[in-house]
Amino acid sequence: MTEFLNYLISGISLGSVYAIIALGYTMVYGIAKMLNFAHGDVIMVGGYVSFCAVFYLDLPGWLATILAIIVCTVLGVVIEGLAYKPLRQAGTLAVLITAIGVSYFLQNAAQLIWGTSTKSYASVMPGNLSLGGVTIPYISILTIAACLIIMVVLTQFINRSKLGKAMRACSEDKGAAQLMGIHVNRTISMTFAIGSALAAIAGVLLCSSYTTLNPTTGSMPGIKAFTAAVFGGIGSIPGAFLGGILLGVIESMAKAYLSSALANSIVFAVLIIVLLVRPAGLLGKYVPEKV
Amino acid sequence: MKNLLKKKTTRTDFLTYLGVIVVFVIMFALQQGDMLKNSTQGMLVPVCCFVVMAVSLNLTVGILGELSLGHAGFMSVGAFSGIIAAMSLEQTIPSDLARLIIAIVVGAICAAIAGFIVGVPVLRLQGDYLAIVTLAFGEIIKELINCLIVGYDENGLHVMFNLSGKLSVENLNMTENGVAIIKGAQGAVGVDKLATFPMGFVLVMLCLVIVLNLVRSRTGRAILSIRDNRIAAESVGINVTKYRLMAFVISAAMAGSAGALFGLNYSTLSSTRFDFNTSILVLVYVVLGGLGNIWGSIIAAVVLYVLPEALREFNDYRMLAYAVVLILVMLATNNERFKAAPSRVIPKRRKGAAVNG
């Protein structure tokens, strides 16, 4: 039982990281209708920035996180402005390949700056909490709490604020939104900024739980978070949250009880089955094509 | 013949064949004359494999119009089944060429079966959902092969799945003459390097003939119509599922044959060689070459495969340069302002063309 609880908690904690990344993915997809493959690499950049802040500048963990958020937000807006904005009218494949180009660029730039060797990352919140045989690392509690807070704040922001309303309008119909006086380009840039800030937080939390960091750290969690976003219904914020948590728990349980070598396969198999039964994901709205 | 060449499509097709043949003859002559550098020599077969991969992915992405992010999975299936076939027939069939052909055929068949298994569920979906599911299948295939342990002795093939991660070749209980073919995470080891450049050329030509004839046939037109407007195609009585599946399976089979050739070009091969990045690499060839444009895919595959090798002297910066080139090319070919730039420099030519047209 204790063992099960331990795995469950580590699963929820991992799932919370996926959920935070997936929220960024889903927002960008919802508004720009593009698969941003560079999102995972922004996570990696966030990890490296916080690593350098702690390691070289001796800053406390929270300050390092804030620094990472600022750098990644700026990075996200710059990437969007330079690489994606000129392709607003182009086909989805062109944007996809550009995103892949950006992803290669970030990975190789990181390799040049920080080297290929794996860095050991000091957790921003070390220590464990013992609760009747169940040990919970503080970082897991922090991760889960951060995920919940982000989720609530983001939902309120999207539903209540003016910018949130603009985002919803843009994701529904860009042309009509523009006619209503919404600055579409600025709204999309803001979405990228928020998504990248979330990626930075996810980067710090991810590296703190795994304590390793290298230039490809972000790619697999990026792909899995994307899977989580699709799993929950891409474009839906509660869907991304639910998808992330479920994916994390499934992965953790599969690793513990089925096969560690096939854990990723099991996650992807579940995704395939869900998509076959519900083609728009768990919480996604299925829109039949009109003729 | 003259009438035949009047059609523009036929002319393009013949020029494509001709171009491939000419390049092959030149490269083959240089190879025979020992005038190639070792690094170039080593690239001949992989280039052929990636040309076939690009052509086959173009069938899925460009002609069928569905984004596939797991094409390397089929290549992987082809590679490992081809290796198993070639190595287990070592005693029975001594001829290298015969074994190579058998390996390629086996690779193609196995990948076609995998393509069918993947295609039936995947093709129910559309757009980005389809893309993510192909990605998922690619990763699943990679991990499954990573767990595979295969050996061969007088009693036949021994196959085992290393689910716990604790098993090894010893657990296959082979006789003393047994040969380990695939050792789990280590991948295939001690493979005979059967692949030859002429075989690569034959494979490229074969795939070209298949794809170009398919596209110009009734079936091809049906597939193209599904890409352009699925609902309209359905309404004129085209069996959408059948044609989509057909194109997908053919594409997978060709990827499998390329994989078999690729696998037999190296003495060791691990399944992680065929990961998501390989799928993306091939996708980049297809998109940069032009969707649905076969000769474009061939040129893009050759240039983009050779380019990173040629940039080796820049060492650490070469992949960075590759990324920048990739982004710039996408911007240049897809952005209106970039596209309009040449006409601003030479405005008269454009005007003249418009008047004549």
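Since the model is a prediction, treat every value here as computed from it, not as a measurement. Labels below follow one simple rule: chain letters A, B, ... track the order of the sequence lines, proteins then strands, and each chain is numbered from 1.
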Do any side-chain atoms of residues 217-236 of chain A form donor-acceptor pairs under 3.5 angstrom with protein atoms, and if so which ones, sequence neighbours left out?
| unit_1 | atom_1 | unit_2 | atom_2 | d |
| --- | --- | --- | --- | --- |
| A:Thr217 | OG1 | A:Asn214 | N | 2.7 |
| A:Thr217 | OG1 | A:Asn214 | O | 2.7 |
| A:Thr217 | OG1 | A:Asn214 | OD1 | 3.4 |
| A:Ser219 | OG | A:Thr216 | O | 3.0 |
| A:Lys224 | NZ | A:Tyr18 | OH | 3.3 |
| A:Lys224 | NZ | A:Glu251 | OE1 | 3.4 |
| A:Lys224 | NZ | A:Glu251 | OE2 | 3.4 |
| A:Lys224 | NZ | A:Asn264 | OD1 | 3.1 |
| A:Thr227 | OG1 | A:Ile223 | O | 2.7 |
| A:Ser236 | OG | A:Gly239 | N | 2.9 |

Sort [X] into side chain, backbone, both or neither according to what part of it lies under 4.5 angstrom from a heavy atom of chain A.
X: B:Val287; answer: side chain
X: B:Leu291; answer: side chain
X: B:Leu69; answer: side chain

Write down the atom of B:Ala323, the atom of A:Phe105, and the distance for their closest heavy-atom approach.
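That would be CB-N, 3.5 Å.
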Would you name the heavy atoms of B:Leu320 and A:Ala109 that are closest together and state the gap between them?
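Of all heavy-atom pairs spanning B:Leu320 and A:Ala109, the closest is CD1-N, 3.5 Å.
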Does any heavy atom of chain B fall under 4.5 Å from the side chain of A:Leu112, the backbone, both, or neither of them?
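Answer is side chain: those atoms of A:Leu112 sit under 4.5 Å from chain B.
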Under 4.5 Å, heavy atom to heavy atom: which of residues 93-101 of chain A reach chain B? Give them by number, or say none.
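A:Leu93, A:Ala94, A:Leu96, A:Ile97, A:Thr98, A:Ile100, A:Gly101 fall under the 4.5 Å cut-off.
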With a 4.5 Å heavy-atom cut-off, do A:Asn108 and B:Tyr322 have their side chains touching?
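Contact flag for A:Asn108/B:Tyr322 side chains = no.
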N/O donor to acceptor pairs below 3.5 angstrom from side-chain atoms of residues 115-124 of chain B, sequence neighbours left out:
| unit_1 | atom_1 | unit_2 | atom_2 | d |
| --- | --- | --- | --- | --- |
| B:Arg124 | NH2 | A:Leu276 | O | 3.1 |

NZ of B:Lys183: more than 12 outside heavy atoms within 6.0 angstrom?
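No, NZ of B:Lys183 has 12 or fewer neighbouring heavy atoms, counting only those of other groups under 6.0 Å.
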Distance (rounded to the nearest 0.5 Å) between A:Ser103 OG and B:Asn277 CG:
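Separation between the atoms: 7.5 Å.
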Specify which of B:Val325, B:Val329, B:Leu283, B:Leu288 makes the most heavy-atom pairs with chain A at under 4.5 Å.
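Most heavy-atom pairs under 4.5 Å with chain A: B:Leu283.
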In residues 131-141 of chain B, which residues are in contact with chain A at a heavy-atom separation under 4.5 Å?
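If one takes a 4.5 Å heavy-atom cut-off, the residues of residues 131-141 of chain B near chain A are B:Ile132, B:Val133, B:Leu135, B:Ala136, B:Phe137, B:Glu139, B:Ile140.
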